[in-house]
Amino acid sequence: MSELRDFFYLDISKVHSFVSQIHGGLVSEINETIKRIGGFSAGINLGSLPVGGRVDASKAKESEQQQTIQLTPEAYFSILHKYLQNENEIDDLENIEDNQLQVGQFVEIGGIANPPIIDA
């Protein structure tokens, strides 16, 4: 399972742009069909060699399931993040000296943010 994330702000237009550049287009949904075949088989041998026979009874059941996966902004972000990780394009803010950020540089910042407490 992938890591769960929460976003304060996600510029979906920018994420769409990056993902479409990576994949040469933007997929909006994935359709998947799953087929299952199951059942039972039984057989009886009659007689003995060299003369004999076999009686078979089998029953197969086929089931099919279809599902559509709608890609959300967070799913697109995961695609972008995995691509940047694989290409070693993400820098950690702790490893960057003051005023050394460059335009177009991807920086990852980790942490926990608590909402402000309002006391009446």
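All values reported here derive from a predicted model rather than from experimental measurement. All residue numbers refer to positions in the sequence shown, counting from 1.
- Atom CD1 of I69 sits about 9.0 Å away from atom CG of N31, to the nearest 0.5 Å.
- Considering only residues two or more places apart in sequence or on other chains, Y83 meets the ring pair (Phe, Tyr, Trp, His ring centres under 6.0 Å) condition with none of them.
- In this structure, H23 has no ring pair (Phe, Tyr, Trp, His ring centres under 6.0 Å) partners at least two apart in sequence or on a different chain.
- In plain terms, the two heavy atoms of I22 and L80 that are nearest each other are CD1-CD1, 3.8 Å.
- Residues satisfying the side-chain contact (heavy atoms from CB on, under 4.5 Å) test with Q70, not counting sequence neighbours, are E29.
- Partners of S28 according to the side-chain contact (heavy atoms from CB on, under 4.5 Å) rule, which considers only residues two or more places apart in sequence or in another chain, are Y76.
- Formation of a donor-acceptor pair under 3.5 Å by the S17 side chain with backbone atoms of S13 is not found in this model.
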| Can F18 and F77 be said to form a side-chain contact (heavy atoms from CB on, under 4.5 Å), step by step? | CA-CA 9 Å; F18 289 141; F77 180 84; over 6 Å; no

| field | Worked check of side-chain contact (heavy atoms from CB on, under 4.5 Å) between R36 and Q65 | value | CA-CA 8 Å; R36 292 188 181 99; Q65 174 186 357; 3.6 Å; yes

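- V107 meets the side-chain contact (heavy atoms from CB on, under 4.5 Å) test with L93, I96, L101, Q105, I109; sequence neighbours excluded.
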| Steps toward side-chain contact (heavy atoms from CB on, under 4.5 Å) verdict (E108, H81) | CA-CA 10 Å; E108 188 167 38; H81 190 260; 2.9 Å; yes

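- A search for side-chain contact (heavy atoms from CB on, under 4.5 Å) contacts involving E89 returns L84, E87, not counting sequence neighbours.
- In this structure, I34 CD1 and Q67 CD are separated by 5.0 Å, a value rounded to the nearest 0.5 Å.
- Between T33 and E64, some side-chain heavy-atom pair lies under the 4.5 Å cut-off.
- Considering every non-hydrogen atom in both P73 and I12, the closest pair reads CB-CD1, 3.2 Å.
- I30 contributes atom CD1, which lies 10.0 Å from atom OG1 of T68 (distance to the nearest 0.5 angstrom).
- Between E74 and L10 the shortest heavy-atom distance is N-CD2, 4.3 Å.
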